[in-house]
Colleague: 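Mind looking over this structure? Questions follow.
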Amino acid sequence: GAPYFGSHTYEVIFHVPTMMPSNPKETQQIHKKRHVGNDVVTVVWSENPFEYRTDMLTTQFNQVYIVLYPVAVPNTLSLYHVRIVLKSGVNVGAFGPLQDH
């Protein structure tokens, strides 16, 4: 099954399309898109130097995209550029890794 975590306040499930079984008879792999397209938050790993296009996945449910880009810096630990993109017209309130509570 998909990696899952739940507590009394929230639930998180990771739909990882590359880890889902593929159907060789289906070129569009609709069963994978059905899961990912119904997620509210989508985390994307991108090794492409170009900005990730959020219109690549057409969905009514995705509201937030968290895009992770590895940054190559010689002689350092792994560094990542994190880009958070909200779907147009979505107001999810303040969130992120640098919040003072």
Colleague: Would you mind reporting whether L68 and V43 have side-chain heavy atoms less than 4.5 Å apart?
Modeller: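 Yes, at least one pair of side-chain atoms sits under 4.5 Å.
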Colleague: So, for H81 and V71, which heavy atoms are closest and what is the spacing to 0.1 Å?
Modeller: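 Distance-wise, the nearest heavy atoms are N-CG2, 3.6 Å.
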Colleague: Quick check on the hydrophobic clustering: are F61 and F14 connected, directly or via other members, by side-chain heavy-atom contacts under 4.5 Å?
Modeller: no
Colleague: Do I66 and V82 pass the side-chain contact (heavy atoms from CB on, under 4.5 Å) test, and can you show the C-alpha distance, the side-chain angles, and the key distance before you say yes or no?
Modeller: CA-CA 7 Å; I66 302 172; V82 178; 4.0 Å; yes
Colleague: Evaluate E51 against R83 for side-chain contact (heavy atoms from CB on, under 4.5 Å), listing each step before the verdict.
Modeller: CA-CA 9 Å; E51 207 167 270; R83 182 174 166 244; 3.2 Å; yes
Colleague: Give a yes or no on whether the ring-centroid distance for Y80 and W45 is below 6.0 angstrom.
Modeller: yes
Colleague: Kindly say whether Q29 contributes a backbone atom to a donor-acceptor pair with the side chain of N23 at under 3.5 angstrom?
Modeller: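 No.
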Colleague: Taking atom CD of Q60 as the centre, report whether more than 12 heavy atoms of other residues, nucleotides or ligands fall under 6.0 Å from it.
Modeller: no
Colleague: Ignoring hydrogens, what is the shortest heavy-atom contact between Y52 and Y65? Give both atom names and the distance.
Modeller: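 The pair with the smallest heavy-atom distance is CE2-CD2, 4.3 Å.
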Colleague: Got more than 12 heavy atoms from elsewhere within 6.0 Å of OH, Y4?
Modeller: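 For Y4, atom OH is crowded (more than 12 foreign heavy atoms under 6.0 Å).
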Colleague: Quick one: does any side-chain atom of S22 pair with a main-chain N or O of P24 as donor and acceptor, under 3.5 Å?
Modeller: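 Pair absent, no side-chain N/O of S22 close to backbone of P24.
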Colleague: Give the C-alpha distance, both sets of side-chain angles, the deciding distance and a yes or no for side-chain contact (heavy atoms from CB on, under 4.5 Å) between L86 and Q63.
Modeller: CA-CA 6 Å; L86 300 179; Q63 297 179 12; over 6 Å; no
Colleague: Considering non-hydrogen atoms only, spot the tightest contact between P70 and S46 and give its length.
Modeller: CD-O, 3.2 Å
Colleague: Side chains of D39 and V41: closer than 4.5 Å at any heavy-atom pair?
Modeller: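 A side-chain contact under 4.5 Å is absent here.
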Colleague: Give the cluster check for F5 versus V16: same hydrophobic cluster or not, with ILVMFWY residues linked at side-chain heavy-atom distances below 4.5 Å.
Modeller: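 Looking at the clustering, V16 is in the same group as F5.
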Colleague: Using the side-chain contact (heavy atoms from CB on, under 4.5 Å) rule, take I84 and V64 through it: C-alpha gap first, then chi angles, then the decisive distance, then the call.
Modeller: CA-CA 7 Å; I84 299 175; V64 178; 4.1 Å; yes
